[in-house]
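Please read these numbers as outputs of a predicted model, since none were measured by experiment. Quick note on labels: first sequence line is chain A, next is B, and so on, each numbered from 1.
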Amino acid sequence: EDQVTQSPEALRLQEGESSSLNCSYTVSGLRGLFWYRQDPGKGPEFLFTLYSAGEEKEKERLKATLTKKESFLHITAPKPEDSATYLCAVLGGGTSYGKLTFGQGTILTVHP
Amino acid sequence: NAGVTQTPKFQVLKTGQSMTLQCAQDMNHNSMYWYRQDPGMGLRLIYYSASEGTTDKGEVPNGYNVSRLNKREFSLRLESAAPSQTSVYFCASSFKTLGTEAFFGQGTRLTVV
């Protein structure tokens with residue numbers, strides 16, 4: 001069974017204080033690892049897809065990286081508007097064919 | 001572009017009542033999904049439809065039925081609502097089932113009393 005564990009559960013940062021969120025996973029035949037951002041009362045908003053170890057993607061202050069066991073979402077010089085819950089999900093190719101498995105999410109709060 | 005549209009946004013049901021949650025996407029996506037999101041449980045897949053005319057069970061299908069009405073629309077039905085089905089429901093769609101990102105609707109907050 002595919003599993004995704006995100007850490008920490010919650011992270012408080014000061015504006016400009018860079019940090020990283022972790023997503024550890026076990027999956028049979030990784031077909032993709034996805035990062036989403038979710039604001040309160042809204043649906044998840046797609047950020048990145050990573051397909052293979054060593055791959056990196058960047059968008060504004062966010063950078064996602066992938067190894068064979070985990071992914072990191074690096075946040076450089078965050079701003080208060082980066083406050084949200086960040087979700088990681090994996091798409092496996094084994095018995096979970098076609099099913100995204102989500103982690104619990106990391107609640108990020110950036111204080112001005 | 002509207003993207004993925006869900007109706008209603010909020011609903012309160014009494015135990016035993018039935019209802020259908022509607023979902024439509026305008027991105028010409030082939031695959032559609034229904035998830036529920038509960039505190040401490042994350043997003044869990046209820047049912048998905050890899051393509052028009054097909055549906056498959058996800059992680060938590062009991063108590064639900066789905067219909068892929070056409071390529072655009074995918075509905076979720078609760079035949080006899082139970083308090084355990086109180087949750088936020090999200091519909092999502094993707095171009096393919098494999099390897100492509102899913103786009104989510106705004107959610108339906110359902111309370112069963």
About how many Å separate CG of L100(A) and CD of E101(B), when rounded to the nearest 0.5 Å?
10.5 Å
For R61(A), does the CZ atom have more than 12 heavy-atom neighbours from other residues, nucleotides or ligands under 6.0 Å away?
yes
Look at the side-chain heavy atoms of Ile, Leu, Val, Met, Phe, Trp and Tyr, link any pair under 4.5 Å apart, and say whether L50(A) and V90(A) land in one connected group.
yes
Joint cluster assignment, Y33(B) & L21(B), ILVMFWY side-chain distance < 4.5 Å
no
Can V60(B) be reached from Y89(B) by stepping across I, L, V, M, F, W or Y side chains whose heavy atoms are under 4.5 Å apart?
yes
With a 4.5 angstrom heavy-atom cut-off, is it the side chain or the backbone of F48(A) that approaches chain B, or both, or neither?
neither
Among the clusters formed by ILVMFWY side chains lying less than 4.5 Å apart, do I46(B) and F90(B) turn up in the same one?
no
Return all side-chain donor-acceptor pairs below 3.5 angstrom for residues 103-113 of chain B, not counting sequence neighbours, or 'none' if the list is empty.
residue	atom	partner	partner atom	Å
T108(B)	OG1	Q6(B)	NE2	3.4
T108(B)	OG1	P8(B)	O	2.5

Can you tell me how far CZ of F46(A) sits from OG of S94(B), rounded to the nearest 0.5 angstrom?
11.0 Å
Listed by number, the residues in residues 103-112 of chain A that come under 4.5 Å of chain B (heavy atom to heavy atom) are G103(A), Q104(A)
Proximal component of Q6(A), with respect to chain B [non-hydrogen, under 4.5 Å]
neither
Partner set under side-chain hydrogen bond (donor to acceptor under 3.5 Å, both in side chains) for T5(A), not counting sequence neighbours:
none
Please tell me whether L45(B) and L78(B) are part of a single hydrophobic cluster in this structure, the criterion being side-chain heavy atoms less than 4.5 Å apart.
no
Which atoms of L87(A) are under 4.5 Å from chain B, going by heavy atoms: the side chain, the backbone, both sets, or neither?
side chain
Could you tell me whether a side-chain N or O of Y36(A) sits under 3.5 Å from a main-chain N or O of A102(B), the two making a donor and an acceptor?
yes
Could you work out, with side-chain hydrogen bond (donor to acceptor under 3.5 Å, both in side chains) as the rule, every residue matching W35(A), not counting sequence neighbours?
S71(A)
